[in-house]
Protein chains: 2
Amino acid sequence: MTKAKKKQMETTGAGGWLSYRPELKVLDCTVRDGGLINEHKFSDEFVRGIYDAALAAGVDYFECGYKASKRLSKREDYGPWKFCDEADLRRVFGDEPDPAMKLTVMADAERTDYHLDILPKDQSILSMIRVACYIHQIPTAVEMLQDAHAKGYETTCNIMALSTIQENELHEALKILAATPVDVIYVVDSFGSLYSEQVRDYARMFLHAVEGTQKRIGIHTHNNQQLAFSNSIEAVVHGINLVDATVYGLGRGAGNCPMELLLGFLKNPKFDQRPLIECIQKDLLPLSKKLDWGYSLPYMITGQLNLHPRDAMELRESPQKEEFLAFYDKMME
Amino acid sequence: MTKAKKKQMETTGAGGWLSYRPELKVLDCTVRDGGLINEHKFSDEFVRGIYDAALAAGVDYFECGYKASKRLSKREDYGPWKFCDEADLRRVFGDEPDPAMKLTVMADAERTDYHLDILPKDQSILSMIRVACYIHQIPTAVEMLQDAHAKGYETTCNIMALSTIQENELHEALKILAATPVDVIYVVDSFGSLYSEQVRDYARMFLHAVEGTQKRIGIHTHNNQQLAFSNSIEAVVHGINLVDATVYGLGRGAGNCPMELLLGFLKNPKFDQRPLIECIQKDLLPLSKKLDWGYSLPYMITGQLNLHPRDAMELRESPQKEEFLAFYDKMME
């Protein structure tokens, strides 16, 4: 335990505040979500650096990237972390990665040739498959989850753009998923539009849907309104037991819940911030001077409007990146 | 009401979420807290720009700066907003400022010649005096509050560094303040170290202390852990009715709750983000290229350690500003 945590514990009074839940796990998706801003073109050294830092920090799961279909995306247009071929994984993480941190990939519904590209688990160093889908793709997601489960993997289902789904449809989706072998169902705030009370309500709804099963609930946030970290805390407080975060908040648009903040909050003494701070100074700070991510007004605007960040991303990549008022007026039209 | 808010209302379901509390007020402290990073040397044009934007945005109170003692700080070493002489105030805000937004200043206990420098209200364009003190200065603060009240002002008492105060002392301080004419007592997260549950507990404690009186509770946050906005929301949800914020989060160290985020959250249709976005693009963005404020790792570290940000501020002003690991190790020693 760091002195920071001891000090925190000394100054924050008694009660549940001083204990922790050993079942609360953390997932690093720096390379996967971060890959969305550079066509997944991270060097092996960069990816290995994040991996080493996350492992040393006590992170439980490490997401390597996507399993994208090579029919839909050309291999030569992207870095290897869009496809996560077994050979690429083994080149960087070795044939026997440390079992303390499980490797995972994301497979998008309708954009993954999962029969072909997801190998049986005994032929892969991966441990978990995360199936991402929109609400109308639930039937496809279910097939993918069953396939991954049959191949021997842990699985998650990440229903994206939650903030746009009608409550009755969501209830139905949760009922369907509760009947599958999926291990974790995620609350995904794709647009960074949720406030803490909404996170609380989703946490309750999702936890209720899996009551009586062994299934867990996860949370994935975006920082459009500077609420990624606080919404993750809110989820934890309300019983969510798998939390996504990225080193220095690297991720699409406004980025994600910063891992260094999350581990500073969590009480489990297995977590250590120091390797992350070292990694940030060495690898993320230089990257932040070349790539644009993190909170800025255009992302605040799309988040508050409950919209996909694509317009804001386009603006931030253009010479008009600081023309906030024109962007605001355009989005309000 | 902006389309953003309408959209938000459409997508977040029914209930209390759609209403607002007319008694919930917002205070802009951009120039006061921001002055701590440039010796209060803002141009008249800059200050007037913030004032105009805040007024157009529907802000209720505007803090102009400090009433610092000229015995302790030389007039020539600082900008006018450290002293807020009546002549300076009238030069920038006029003799009859719009009554829709009340003007206020902060007076630090033991660092203000309040008998001399705080004029009777009928000689001033100020409406409110905010008395800031540490816990051991409560007796001085009480005298200052009585003086300001007798002179005809609304008053607040901002007990700083709350996160370092023992609970029994705080209870005593609140009991003393409840017996004064003070109008508002503030929860002040000086170090940016509080989590939402702590904000909730302070809100309850403070509200309980003023039960049966007309006194209100306020909240002032810092963004060391990217929690300034979310903690302000938490305070609002738990019944706090005066919220401090600054345009673009301008403020000491990690800065404050950004006003643009806060007004995006609040439902009262009198609030309008657009003037703030215009002001940010015109005045704050250029300033952000010259002055350093806002979330960065050194502030996260002091916040998590529940320490004053002075070491982090010193680092951020030095050539070693990105030597995060060395700073972390030094603070953990």
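Any value given below was found using the heavy atoms of this structure, including those in side chains, with hydrogens, waters and symmetry copies removed. Here is how names work: the chains are called A, B, and so on, in the same order as the sequence lines, proteins then strands, and each is numbered from 1.
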Measure the [atom1]-[atom2] distance between [X] and [Y] for me, rounded to the nearest 0.5 Å.
{"X": "A:F265", "Y": "B:Q304", "atom1": "CZ", "atom2": "CD", "answer": "10.5 Å"}
{"X": "B:E197", "Y": "A:I233", "atom1": "CD", "atom2": "CD1", "answer": "8.5 Å"}
{"X": "A:Q273", "Y": "B:Y328", "atom1": "CD", "atom2": "OH", "answer": "4.5 Å"}
{"X": "B:L297", "Y": "A:L285", "atom1": "CG", "atom2": "CG", "answer": "7.5 Å"}
{"X": "A:F229", "Y": "B:Q226", "atom1": "CZ", "atom2": "CD", "answer": "8.5 Å"}

Does any heavy atom of chain B fall under 4.5 Å from the side chain of [X], the backbone, both, or neither of them?
{"X": "A:Y295", "answer": "side chain"}
{"X": "A:N223", "answer": "side chain"}
{"X": "A:E323", "answer": "both"}
{"X": "A:L227", "answer": "side chain"}
{"X": "A:L194", "answer": "neither"}
{"X": "A:D201", "answer": "neither"}

Shortest non-hydrogen contact from A:E260 toward B:M300: CG-SD, 3.7 Å
Nearest atoms (heavy-atom pairs only) where A:E234 meets B:S196: OE1-OG, 4.4 Å
NE2 (B:H208) with more than 12 external heavy atoms under 6.0 Å: no
Contact leader toward chain A among B:K289, B:K282, B:Q166, where contacts are heavy-atom pairs under 4.5 Å: B:K289
Side chain proximity check, A:I280 to B:L325, heavy atoms < 4.5 angstrom: no
